[in-house]
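Since this is a predicted model, take the numbers as computed values, not measurements. Below, chain A is the first sequence line, B the second, and so on; all start at residue 1. What's counted below: heavy atoms across the whole structure, side chains too, no hydrogens, waters or symmetry copies.
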2 protein chains.
Amino acid sequence: MVTINDVSRRAGVSRSTVSRVIADNGYVSEAKRKLIEAAIAELGYRPNTMARGLRSNRSNMIGGVVVDVASPFYAQMVGGMQKAARAAGKSVLIASGYADQAEESRAIIELIDRSCDGLLLYLENPIREDVADIIRTSRTPVVTIGGDEYPVARAAVRIDNFTGALEAMRLLLAQGHRHIAYLSGGLMYRDTRDRLRGIRAALQEKGLTIDDIYVEHGDFEERFGVAGTERLLASGFPVTAIFAGDDDVAAGALLALKSAGKRVPEDISLMGFDDNFHARHLTPSLTTVRQPVDEAGRVAAQLLIKILAGQVPEQAEITIEAPLIRRDSVGALVSPPGRKEFAG
Amino acid sequence: MVTINDVSRRAGVSRSTVSRVIADNGYVSEAKRKLIEAAIAELGYRPNTMARGLRSNRSNMIGGVVVDVASPFYAQMVGGMQKAARAAGKSVLIASGYADQAEESRAIIELIDRSCDGLLLYLENPIREDVADIIRTSRTPVVTIGGDEYPVARAAVRIDNFTGALEAMRLLLAQGHRHIAYLSGGLMYRDTRDRLRGIRAALQEKGLTIDDIYVEHGDFEERFGVAGTERLLASGFPVTAIFAGDDDVAAGALLALKSAGKRVPEDISLMGFDDNFHARHLTPSLTTVRQPVDEAGRVAAQLLIKILAGQVPEQAEITIEAPLIRRDSVGALVSPPGRKEFAG
DNA sequence: GTGAAAGCGCTAACAT
DNA sequence: ATGTTAGCGCTTTCAC
């Protein structure tokens, strides 16, 4: 292994000078710099990150916690983080928190112990107090994505779930739907609560309340879409539009609707959330709300990088729009002849 | 920051003894172990990974290179790696190679420089000779996934693209299709070449050759599926079945077929490859070949972990089956009355 | 502008 | 079974 000593000998200078050239700080004469750079190239020297990190207490590594890298949603987010990090010459170390507080705590501590310079956190649970202490003690800057106001965060990036759900619900209402079912995610998620606020706001504009629609809480899984829709159809509620918790749930709902012989959107309209890859490929293509997750990851990483560089971001809270994507699964309500529209 | 010195003082022993307890090697009396563990707990001591890594030249970190973490396909693979790594108390540092040799080289070098104990490589290009040298010099064990025989690899995991494509093609042929189009990936990919071999083998069983079918090479993108299918339909080739390079290409092909007014599978059958999430949700649901990528990632990581533990895996080459998943997009060829089946 | 010296926190020979 | 010792490769005062 070639070390800084080899380079300094080869170039006929001290290690300190070589170090200055590598870190590109401090004064070095042009002549010596050339000499050193030549020696580095000839020897193929690459600094030892461990030694460097031990001494300087910096790793050039950013830590990221997401729910699960294996899921397309978070994978995109990680992709955004990586892009921004790489542009700044940093790497991203990813740990999955699996929406479990103990796992999330473990993930955070692991990243700190690996000397990550800063943390990007997408959590599903509040930060445990002992973990918050570790973050504070290590003075690791944290940027949260989509999270509640963690006391430890220096900045936060959010996707505007409220407005996204508001617009989605407005569309359903504008299309004449009044018997709407919301197959919601769990209330423990901030996203769910934000979306419910948006739904309520849209309902209020029409003089309605949340009690005027059908709401069931489940998880963000396709099978909940199937089961929830089956229960909904069995309930007797004269549903004309289903708002699914996300596109996976919508895919499940669509499956259940088809096997029940319901046409979408002629009999029942369907709204998703996320705009996954498959949203465009469902038949009919899914009207949904796009969550620009990769952008969220990128913006969060950029914020963190700024903070790491000692700058104070002019905006510590950034909200990213979640635009409504109109496709074919939502249609206008047409009263079939003889049907009593507002009965039931 | 609490160091090993603090622990040793608190427990009234030397640093070495503390170190032995942490690493769980060497002899330590039960009494002192208890004392030391108590001190560790009281002080909340967590070893400094940098110092540890510098000294021991091990990081407990596995490096993984995939084409792009942001894509669902590789995200699943990374998920598999993480699962296996975590079970062994290791972390995974991921770098994307973007199917570009320079990027792949950069990724590998970065992971080595970050002192990864071993590497999991899914590459799209041969390893550059200078990079192979770096791998050898650093003596970093490498396990490849889906790769050509890299000279540096200690073990390799592959998905059986040959048999997968063979079975897929057999199905199309068994259903009576003879005018088949293959919207292939590029020949620079090993996967593509393996699949073509499978296709040839299936054709040969029927006394046919690759020249009897329509082949176009493109990339694994939806838009290639659209454009390739449009060209195919315009070509006058009396196609009855399309075998798409992967499910994304199939999704594009389906779009193009629908806008051309073709019914699937009544007019034209469609076969995919990968079994992405959306394969089930296309209409009709896509008959395809499943690539168990998460399993590939997991198995590769397990192999590497074994090698890192000094064991020699009984099998240095593991092939994972790629089973045919029969759904609704492939149907039997029915000669329309008066149609000359084998003309054209 | 450059070099000498000290030491980051830990492990692993070696000695006892 | 435990302690002593000597660094791992690098950065960073501090002199000059």
Side-chain angles (χ1 to χ4, degrees), chain A residues 1-37 39-40 43-61 112-117 134 137-140, chain B residues 1-37 39-40 43-61 109 112-117 134 137-140 310:
Chain A
M1 184 192 199
V2 27
T3 76
I4 200 171
N5 275 309
D6 302 324
V7 176
S8 70
R9 262 193 301 263
R10 175 77 159 236
V13 298
S14 74
R15 288 184 322 198
S16 329
T17 311
V18 177
S19 176
R20 285 184 194 106
V21 169
I22 296 164
D24 198 25
N25 62 13
Y27 305 98
V28 180
S29 68
E30 207 40 49
K32 298 222 163 173
R33 157 166 279 123
K34 283 262 174 303
L35 230 52
I36 290 166
E37 276 164 358
I40 287 175
L43 297 171
Y45 168 71
R46 302 190 317 280
N48 179 316
T49 45
M50 290 287 183
R52 210 171 206 198
L54 173 58
R55 184 56 229 249
S56 66
N57 213 17
R58 268 175 289 103
S59 65
N60 257 322
M61 220 161 52
I112 289 178
D113 285 349
R114 291 215 174 270
S115 309
C116 289
D117 297 338
I134 291 176
T137 309
S138 65
R139 309 176 55 75
T140 309
Chain B
M1 184 190 201
V2 28
T3 76
I4 200 171
N5 275 308
D6 302 323
V7 176
S8 70
R9 262 192 302 263
R10 175 78 158 234
V13 298
S14 76
R15 288 184 323 201
S16 330
T17 312
V18 178
S19 177
R20 285 183 193 107
V21 169
I22 297 164
D24 198 25
N25 63 14
Y27 306 97
V28 179
S29 68
E30 207 41 48
K32 298 222 164 177
R33 159 166 279 123
K34 282 265 173 300
L35 230 51
I36 290 166
E37 277 164 356
I40 287 176
L43 296 171
Y45 168 72
R46 303 189 315 279
N48 178 315
T49 46
M50 291 286 182
R52 209 169 205 201
L54 173 59
R55 182 58 230 247
S56 66
N57 215 18
R58 268 174 290 103
S59 64
N60 257 322
M61 218 160 54
I109 293 172
I112 289 179
D113 285 350
R114 290 215 175 271
S115 309
C116 288
D117 297 338
I134 291 175
T137 310
S138 65
R139 310 177 54 76
T140 310

Would you kindly give the [atom1]-to-[atom2] distance between [X] and [N], to the nearest whole Å?
X       : N      : atom1 : atom2 : result
A/Arg52 : C/dC10 : CZ    : P     : 21 Å
B/Asn60 : C/dC10 : CG    : P     : 15 Å
A/Arg15 : C/dA5  : CZ    : P     : 11 Å
A/Tyr27 : C/dT2  : OH    : C1'   : 13 Å
A/Arg55 : C/dA6  : CZ    : P     : 13 Å
B/Arg58 : C/dT11 : CZ    : C1'   : 9 Å

Which atoms form the tightest heavy-atom contact between [X] and [Y], and what is the distance?
X        : Y        : answer
B/Val2   : B/Leu43  : CG1-O, 3.7 Å
B/Thr49  : A/Ser115 : OG1-OG, 4.1 Å
A/Met61  : B/Arg114 : SD-CD, 3.6 Å
A/Asn48  : B/Leu54  : ND2-CD1, 4.3 Å
A/Ile4   : A/Tyr45  : N-CE1, 3.5 Å
A/Cys116 : A/Thr140 : O-CG2, 3.9 Å

Donor-acceptor pair, B/Ser59 side chain versus B/Gly53 backbone, under 3.5 Å?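 Not a single qualifying donor-acceptor pair exists.
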Residue closer to the 5' end of DNA chain D, B/Ser29 versus A/Val2 (nearest nucleotide):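 Whichever sits nearer the 5' end wins; that is B/Ser29.
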If you find the nucleotide of DNA chain D closest to A/Ser56 and the one closest to A/Met1, which residue's nucleotide is nearer the 5' end?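 Final value for this comparison: A/Met1.
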Could you tell me whether the side chains of A/Ser19 and A/Ser16 share a donor-acceptor contact shorter than 3.5 Å?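 The answer is no; no qualifying pair exists.
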Using a 4.0 Å heavy-atom cut-off across all strands, classify A/Ser19 as base, sugar-phosphate, or nothing.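 Base, at least one base heavy atom under 4.0 Å.
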Mark yes when over 12 heavy atoms from residues, nucleotides or ligands other than B/Asn57 sit less than 6.0 Å from its CG; otherwise mark no.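 No, because the 6.0 Å sphere around CG of B/Asn57 holds 12 heavy atoms or fewer from other groups.
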So if I take the C1' atoms of five pairs at each end of the helix from C/dG1-D/dC16 to C/dT16-D/dA1 and get each local axis, what angle do the two axes make, rounded to 10 degrees?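 Roughly 30° between the end axes, to the nearest 10°.
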Among C/dC10, C/dG1, C/dA5, the one nearest A/Ser16 by side-chain distance: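 Looking only at side-chain atoms, A/Ser16 lies closest to C/dA5.
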Measuring from the side chain of A/Val28 (C-beta onward, heavy atoms only), which nucleotide among C/dG1, C/dT2, C/dA4 has the closest atom?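 Closest nucleotide among those given: C/dT2.
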Before you tell me yes or no, could you show the steps for A/Asp6 and A/Arg9 under side-chain contact (heavy atoms from CB on, under 4.5 Å), namely the whole-Å CA-CA distance, both residues' side-chain angles and the distance that decides it to 0.1 Å? CA-CA 5 Å; A/Asp6 302 324; A/Arg9 262 193 301 263; 2.9 Å; yes
Applying side-chain contact (heavy atoms from CB on, under 4.5 Å) to A/Val13 and A/Val21, what does each step give before you reach the verdict? CA-CA 11 Å; A/Val13 298; A/Val21 169; over 6 Å; no
Can you pull every protein N or O that's under 3.5 Å from an N or O on nucleotides 14-16 of chain C?
none

Nucleotides bounding contact with chain B, strand DNA chain D, heavy-atom threshold 4.0 Å: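 Extent of the interface on DNA chain D: D/dA1 to D/dG9.
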